Structure formats: structure tokens, C-alpha cells
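Note: hydrogens, waters and symmetry copies are ignored here, and every other heavy atom, side chains too, is used. What you are looking at is a predicted structure, and each value in this text was computed from that prediction instead of being measured.
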Amino acid sequence: MPGPTTEPRNGRRRVAVVGVALSDCGRVDGPTPYALHAQAARRALADSGLDRSVIDGFASAGLGTLAPVEVAEYLGLRPTWVDSTSVGGSTWEVMAAHAADAIAAGRANAVLLVYGSTARADIKARRRTSNLSFGARGPLQFEVPYGHTLVSKYAMAARRHMHEYGTTLEQLASVAVQARANAAANPDAMFRDPITVDEVLSGEMIADPFTKLHCCIRSDGGCAVLLAAEDHVPDTAKAPVWILGSGTSVSHTTMSEWEDFTVSPAAVSGRIAFERAGVTPADVDIAQIYDAFTYMTLVTLEDLGFCAKGEGGAFVEKGRLLRDGELPVNTDGGGLSACHPGMRGLFLLVEAVRQLRGEAGPGRQVTKRGGRLPEVAVASGTGGWFCSSGTVILGR
């Protein structure tokens with residue numbers, strides 16, 4: 001039987017996510033980051049039911065001097081299509097968009113996206129120190145000397161939203177509370193014990209208005225996603241989850257060039273993704289949103305169109321983000337409770353696919369009215385301090 005064609009039929013081929021997996025996550029003291037990459041990749045390939053020989057594309061960032069060459073070599077792959085785009089947390093949604101376009105155009109047949117990090121273990125073992133900024137070269141030299149850290153940039157943006165729209169600390173705290181509630185049923189989540197709004201507000205101050213529980217956790221872990229052309233779908237082990245549309249956007253490096261602290265680049269990437277997918281926010285059943293800080297969830301929900309600008313506070317405080325809420329968000333617990341080993345964007349795609357397949361497990365699986373599985377999901381990653389955004393719409 002002939003293998004998949006390398007040329008698109010009728011101009012474009014449909015692209016599906018055919019395999020997803022996590023490596024060991026949370027507190028992982030033994031393996032190297034390379035080992036986590038390999039573990040996640042093997043598991044995603046097994047999840048797909050395909051042979052590794054189908055992989056002719058590879059995307060990775062954040063590891064090795066010649067990423068992704070070193071990681072591909074470690075995995076024993078010799079890809080003919082590669083991507084090493086690195087735009088922070090949105091890297092993986094941007095890479096997924098690139099890979100989907102390449103597959104649709106016939107430039108690749110199956111692309112593996114893989115990530116792994118031992119950020120927590122390295123700090124505990126004193127192999128590295130924590131970083132307050134991304135560096136002090138280029139435009140950043142005008143901010144870093146004054147202590148303008150990454151967390152302070154998000155904190156300033158949150159304060160601006162509070163000033164402009166009356167968003168409250170309690171509303172921001174409710175994002176963390178709901179993320180922890182979603183994590184409670186996730187056996188892979190690093191923190192599962194319930195928290196309250198008062199506990200979030202009374203915690204150690206990190207950068208006003210963010211206390212510790214407003215900020216993402218630091219964990220180890222990795223994951224992998226395998227995208228393939230529709231030609232491969234009949235041979236896969238599970239039903240495909242289709243890439244319906246995607247959008248990317250970048251905006252600024254320095255805060256002085258950010259026109260409005262209350263608007264993220266998701267306002268652009270989301271609009272493009274929804275237009276290309278032919279759906280609207282009203283069609284979305286679940287949302288996986290990058291949440292290094294509580295404010296990110298709130299403002300991204302606004303910018304993707306789930307509520308009007310300035311209404312994010314009222315939207316999140318009603319329990320809408322819970323697994324059984326109006327719009328389940330970060331159903332694994334997100335970066336605030338489940339895991340955050342660094343550039344977390346790929347985890348958003350894994351969780352979205354698992355929910356659409358109905359594989360999230362007892363007490364965690366989202367269902368629609370009548371017990372039906374969700375049909376449309378959005379994964380939206382953010383990089384830097386709202387400097388970049390990638391949004392991917394997926395559907396069964």
C-alpha cells in the first residue's frame with residue numbers, strides 16, 4: 001500500500017493531532033531534560049499507534065546549543081523539516097501553526113513537537129539559579145537595571161486593568177482558586193489541595209498585587225505532540241483531533257512600546273485563529289490558556305472574545321472556569337497548580353486533545369449537556385510579558 005503523498009490534494013491537506021503524552025512531571029530529580037524529551041516522545045508515538053519512521057518533521061526549543069538538532073539526534077530522528085522558533089510560552093502554539101501549515105502544504109507528513117525541562121530539580125541541586133529577567137542586551141538594557149523583572153511587568157499590567165476597569169484582587173484570586181479545584185482531580189498535578197480566596201490574598205507578596213499563589217509553580221516535566229497529515233489518520237490508534245485554525249502575533253519587547261497594558265497579543269492571534277477555523281468563541285467548549293499569573297487568564301479570556309474588554313473580572317468570579325463551569329479553563333490545573341517547567345504552551349495542546357478525546361479520566365473529564373464530549377477547544381499560549389501569542393483551535 002503506498003505511503004502518504006508528499007503533495008497536497010486539492011491544494012491543502014487536513015492536519016490532525018494523532019498522538020499526545022506527558023513525561024514524568026512534578027518533582028523529577030533523576031532524569032536529564034534530554035531523557036524527559038525522549039520519554040514524552042516515545043509515549044506520544046505509542047499513543048498515536050504509528051511507527052517512528054513516519055516522522056519527517058521535528059520542532060523543539062529551549063535545549064541544546066543547536067536546538068532542535070541536538071534533541072533530534074538524541075531521539076534518533078533525521079527530519080527533513082525542522083522548527084526551532086523560540087518565543088517563550090507561546091512557542092508551541094506558534095510551532096504547531098508552522099507544522100500544520102507545512103503538513104497541509106505537503107512539506108512534511110508527520111511533525112513531532114517535544115519539550116522537557118528540569119527547571120525545579122536544577123535549582124534544588126544548585127545546578128542553576130533562578131532568573132529575574134531574560135537578559136540585559138538590546139532594548140531590555142533600558143529596563144533591567146531598574147529592577148523591572150518579568151513578574152513585575154505582569155504585575156504592572158494587572159494593576160492597570162484594575163485601575164481601568166475596577167477589577168478586584170478577589171477576582172484575580174478566584175482564578176487561582178478555580179485552577180486548584182481543577183487540579184484536585186488530576187493525579188499528575190503537582191498541587192491538589194484546595195485553596196481559598198483569602199489564602200491567595202494573604203500569601204507572601206511577590207510583586208504587587210501578586211502574592212505567591214497568583215504566580216505559577218516551578219516544576220519539572222515534559223510533553224510531546226505528534227501532528228500528521230490526514231493520509232495517516234486511518235492507521236492511527238485513536239480518533240484524530242483536527243487542527244481547525246491557528247493564529248500568531250507579536251507586539252513589543254519593552255513595556256514602553258506596549259500601547260495598552262490591558263490588551264494582549266491574543267486579541268490578534270485569537271481573531272485570526274477563529275476566522276481561519278470558521279468558528280466563534282461561542283462554539284468553544286473548553287479553553288487551555290497560558291497562566292503564569294492569574295492576570296494572564298483573565299485578560300486572555302477577554303482578548304479571545306469570551307467576554308468584553310474590562311469584564312474579565314466579573315466573568316471569572318462566578319465559577320465559570322471550573323470543570324463543570326460555563327467555560328472550563330485549564331482543566332488540568334494549569335501552570336498555577338498542575339505543572340510549569342518553563343515554556344508550558346505544549347501542555348495546553350496535550351490537555352485540549354485529551355479532553356476532546358474523552359481521556360481525561362474520572363472526575364476530570366469535561367462533558368456537555370447529555371454527557372456528550374466537548375467538540376471544540378482553544379489553546380492559547382503567551383510568551384514573554386504578553387510579547388507574543390499563539391492560538392490554536394482544535395476540534396473532533
Side-chain angles (χ1 to χ4, degrees), residues 1-9 12-25 31-61 63-64 66-84 92 95-116 221-244 346-347 349-359 379 392 394-396:
M1 181 176 179
T5 177
T6 58
E7 293 300 326
R9 294 187 301 230
R12 303 280 288 180
R13 296 187 295 183
R14 291 199 300 165
V15 181
V17 178
V18 297
V20 298
L22 301 180
S23 73
D24 294 344
C25 292
T32 67
Y34 287 95
L36 294 182
H37 277 74
Q39 187 181 58
R42 285 194 300 266
R43 290 175 178 178
L45 191 62
D47 184 65
S48 74
L50 297 175
D51 187 81
R52 63 179 293 156
S53 62
V54 307
I55 299 174
D56 58 359
F58 184 72
S60 179
L63 184 62
L66 296 174
V69 180
E70 288 185 26
V71 181
E73 181 182 50
Y74 185 86
L75 299 179
L77 299 175
R78 296 293 184 267
T80 55
W81 183 94
V82 295
D83 189 3
S84 60
W92 307 102
M95 281 185 172
H98 293 172
D101 286 344
I103 294 170
R107 305 307 179 194
N109 288 309
V111 177
L112 179 68
L113 284 66
V114 63
Y115 177 67
C223 57
V225 171
L226 181 62
L227 282 69
E230 59 183 310
D231 312 69
H232 281 300
V233 167
D235 300 321
T236 56
K238 299 175 180 178
V241 170
W242 300 101
I243 303 291
L244 304 181
L346 196 56
F347 290 84
L349 293 169
V350 172
E351 177 64 12
V353 170
R354 285 180 166 176
Q355 287 286 348
L356 291 174
R357 285 177 173 177
E359 297 176 344
V392 179
L394 306 104
R396 289 194 292 115

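Take R354 and apply the side chain to side chain donor-acceptor pair (under 3.5 Å) test, not counting sequence neighbours, and it matches no residue.
For the pair R14 and W242, the distance from NZ or CZ to the six-membered ring centre is under 6.0 Å and the angle to the ring normal is within 45 degrees.
A21 approaches A40 most closely through the heavy-atom pair CB-O, 3.8 Å. For I243 against A100, the heavy-atom pair with the smallest separation is CG2-CB, 4.2 Å. Closest of all the heavy-atom pairs between A96 and L227 is O-CD2, 3.9 Å. The shortest heavy-atom contact between A224 and V114 is CB-CG2, 4.0 Å. Taking both residues in full, the closest heavy atoms of Y74 and A38 are given as CE2-CB, 3.8 Å, listed atom of the first, atom of the second, then distance. Of all non-hydrogen atoms in L75 and R52, the two that sit nearest each other are O-NH2, 2.6 Å.
Between Y34 and V71 the shortest side-chain heavy-atom distance falls below 4.5 Å. Within the 4.5 Å cutoff, no side-chain heavy atoms of V18 are placed close to those of H232. Side-chain contact between V353 and V225 is absent, with no heavy-atom pair separated by less than 4.5 Å. With a 4.5 Å cut-off on side-chain heavy atoms, E230 and I103 do not count as touching.
Taken to the nearest 0.5 Å, the NE2 atom of H37 stands 9.0 Å off from the SG atom of C223. Between the CG atom of D83 and the CE atom of M95 there is a distance of 4.5 Å, given to the nearest 0.5 Å. Taken from CG in L346 to CD in E351, the straight-line distance is 12.5 Å, to the nearest 0.5 Å. Between the CG atom in L226 and the CG atom in L113 there is a gap of 9.0 Å [rounded to 0.5 Å]. Annotation: the span from L36 atom CG to C25 atom SG amounts to 8.0 Å, rounded to 0.5 Å. Distance check, rounded to the nearest 0.5 Å: CD of E73 to CG of L66 gives 10.0 Å.
Counting only distance, with no hydrogens or angles, the side chain of S23 and the backbone of G222 share a donor-acceptor pair below 3.5 Å. Put simply, the side chain of R396 gets close to the backbone of L356: a donor and an acceptor are under 3.5 Å apart. Under a 3.5 Å cut-off, the side chain of D56 and the backbone N or O of P79 do not form any donor-acceptor pair. No donor-acceptor pair under 3.5 Å is formed between the side chain of R107 and the backbone N or O of W81. Under the 3.5 Å distance criterion, the side-chain polar atoms of E70 are left unmatched by any main-chain donor or acceptor of L63.
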Stepwise side-chain contact (heavy atoms from CB on, under 4.5 Å) check, L349 with V392: CA-CA 8 Å; L349 293 169; V392 179; 4.2 Å; yes

Audit row: V17, L394, side-chain contact (heavy atoms from CB on, under 4.5 Å) steps and yes/no: CA-CA 9 Å; V17 178; L394 306 104; 3.9 Å; yes

Residue pair I55, L45: steps toward the side-chain contact (heavy atoms from CB on, under 4.5 Å) verdict: CA-CA 9 Å; I55 299 174; L45 191 62; 4.0 Å; yes

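A salt bridge links R357 with D47: the distance from a Lys NZ or Arg NE/NH1/NH2 to an Asp or Glu carboxylate oxygen falls below 4.0 Å.
Ring centroids of Y115 and W92 are separated by less than 6.0 Å, placing the two rings close together.
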